[in-house]
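One structure is given here, and the rest of the page talks about it.
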Amino acid sequence: MYSSQALRLVCRYHIKLTHFLSSETKNPRVAVAIASHRSIPSPLPSPSPQETQKMDLYKVGMRVEVVGHSEGFWNSYYGAKVLRVDRTKLRVRYEELVDEDYGEYTVEDVDLKHIRPHPPKSFDINYRLTVGDDVEVRDQDGWWRGEVVFDDLDDELMVYFSYMAGDDEEEFGTFPYDDVRIHQEVKQVGKGFEWSHVKVAGPK
């Protein structure tokens, strides 16, 4: 039980505090500060049913690829492993991108729309890449999309990049055959993924 003296002190403090708030809220800065302190933060947006269904397909430990979505990384795919699944984002650790400040593989929270499963090694192990094929080239610790324009180079392919990492200049490069893979598109089908190749010139 509180003593009568303690109760009087509490009442006196409450009256002074009420008076202070009623007078100080006339000051715009104070009013904004009080309002922001009292406001209840709005809840995070809930993922759509489609996002929820797709998110359920990704599990901790799963290998994925992060689709380049910022300047300098357009049309690229970087391998990573899922560390955490959280609403509409995945926390991933890149397989080859290293944080120079810490000397460790980079960890990043990535929106679901910028994630795809790790593609199968090949849609046809007997297929040989040739001119006109839509491909991805292994370079700079990732895979970069381009088109084969010349394949009469023994074990190398010449690839044309209509844009490389957001650059407006057209670029060509030659790469070992083993560092080039066919480009594949992925879509969700039921509780799994389905891959398909695009713009394949045909068997050589």
Worked verdict on Leu157 versus Phe175 for side chain to side chain contact (heavy atoms under 4.5 Å, CB included)
CA-CA 5 Å; Leu157 295 169; Phe175 303 89; 5.8 Å; no
For Val98, which residues count as a side chain to side chain contact (heavy atoms under 4.5 Å, CB included) partner, sequence neighbours excluded?
Tyr105
Once side chain to side chain donor-acceptor pair (under 3.5 Å) is applied, do any residues pair with Tyr77, and if so which ones, sequence neighbours excluded?
none
For the atom pair OG1 (Thr88) and NZ (Lys113), what is the distance rounded to the nearest 0.5 Å?
9.0 Å
Under 6.0 Å from the NZ atom of Lys89, do we count more than 12 heavy atoms belonging to anything else shown?
yes
Approximate separation, where rounding is to 0.5 Å, of Thr174 OG1 and Met158 CE:
6.0 Å
Quick one: pull up CG in Asp178 and CD in Glu156 and give me the separation to the nearest 0.5 Å.
11.0 Å
Could I get the full list of side chain to side chain contact (heavy atoms under 4.5 Å, CB included) partners for Lys187, not counting sequence neighbours?
Val189, Glu194
Listed partners of His118 passing side chain to side chain donor-acceptor pair (under 3.5 Å), at least two apart:
Arg63
Excluding sequence neighbours, so at least two apart, what forms salt bridge (charged side-chain N to carboxylate O under 4.0 Å, His left out) with Asp179?
none
For Tyr78 and Phe73, I'd like to know if the aromatic rings sit close, meaning centre-to-centre distance below 6.0 Å.
yes
What's in the same ILVMFWY side-chain cluster as Val107, cut-off under 4.5 Å, chained through other members?
Leu83
Main-chain N/O of Asp101 paired with Asp99 side-chain donor or acceptor, under 3.5 Å:
yes
State, with a plain yes or no, whether a side-chain heavy atom of Val137 is found less than 4.5 Å away from one of Trp143.
no
Trp144 and Phe161, any side-chain heavy atoms less than 4.5 Å apart:
yes
In terms of hydrophobic clusters joined by side-chain contacts under 4.5 Å, are Val67 and Val64 together?
no
Just to verify, what does Pro117 make a side chain to side chain contact (heavy atoms under 4.5 Å, CB included) with, not counting sequence neighbours?
Tyr58, Met62, Val186, Phe193, Trp195
Partner residues of Asp109 under the side chain to side chain donor-acceptor pair (under 3.5 Å) criterion, sequence neighbours left out:
Arg91
Hey, mind stepping through Gln188 and Leu57 against side chain to side chain contact (heavy atoms under 4.5 Å, CB included) and telling me if it holds?
CA-CA 9 Å; Gln188 182 181 343; Leu57 299 178; 3.7 Å; yes
Heavy atoms, side chains only, cut-off 4.5 Å: are Val149 and Val131 in contact?
no
Would you please name every residue forming a side chain to side chain donor-acceptor pair (under 3.5 Å) with Glu65, sequence neighbours left out?
Arg116, Arg181
Is any side-chain heavy atom of Pro120 less than 4.5 Å from a side-chain heavy atom of Gln184?
yes
All side chain to side chain contact (heavy atoms under 4.5 Å, CB included) counterparts of Val110, not counting sequence neighbours:
Val66, His69, Val92, Tyr94, Glu108, His114, Ile115
Could you go through Asp134 and Ile182, starting from their C-alpha distance and side-chain angles, then the distance that decides it, and tell me whether this counts as side chain to side chain contact (heavy atoms under 4.5 Å, CB included)?
CA-CA 6 Å; Asp134 193 349; Ile182 198 75; 5.7 Å; no
Apart from Tyr102 itself, members of its ILVMFWY cluster (side-chain separation under 4.5 Å) are none
Whether the Asp151 and Thr130 side chains hold a donor-acceptor pair (N or O, under 3.5 Å, no angle test) is what I'd like checked.
yes
Output for pair (Thr106 OG1, Glu100 CD), nearest 0.5 Å, gives 9.0 Å
To the nearest 0.5 Å, tell me how far Asn75 CG sits from His183 NE2.
8.0 Å
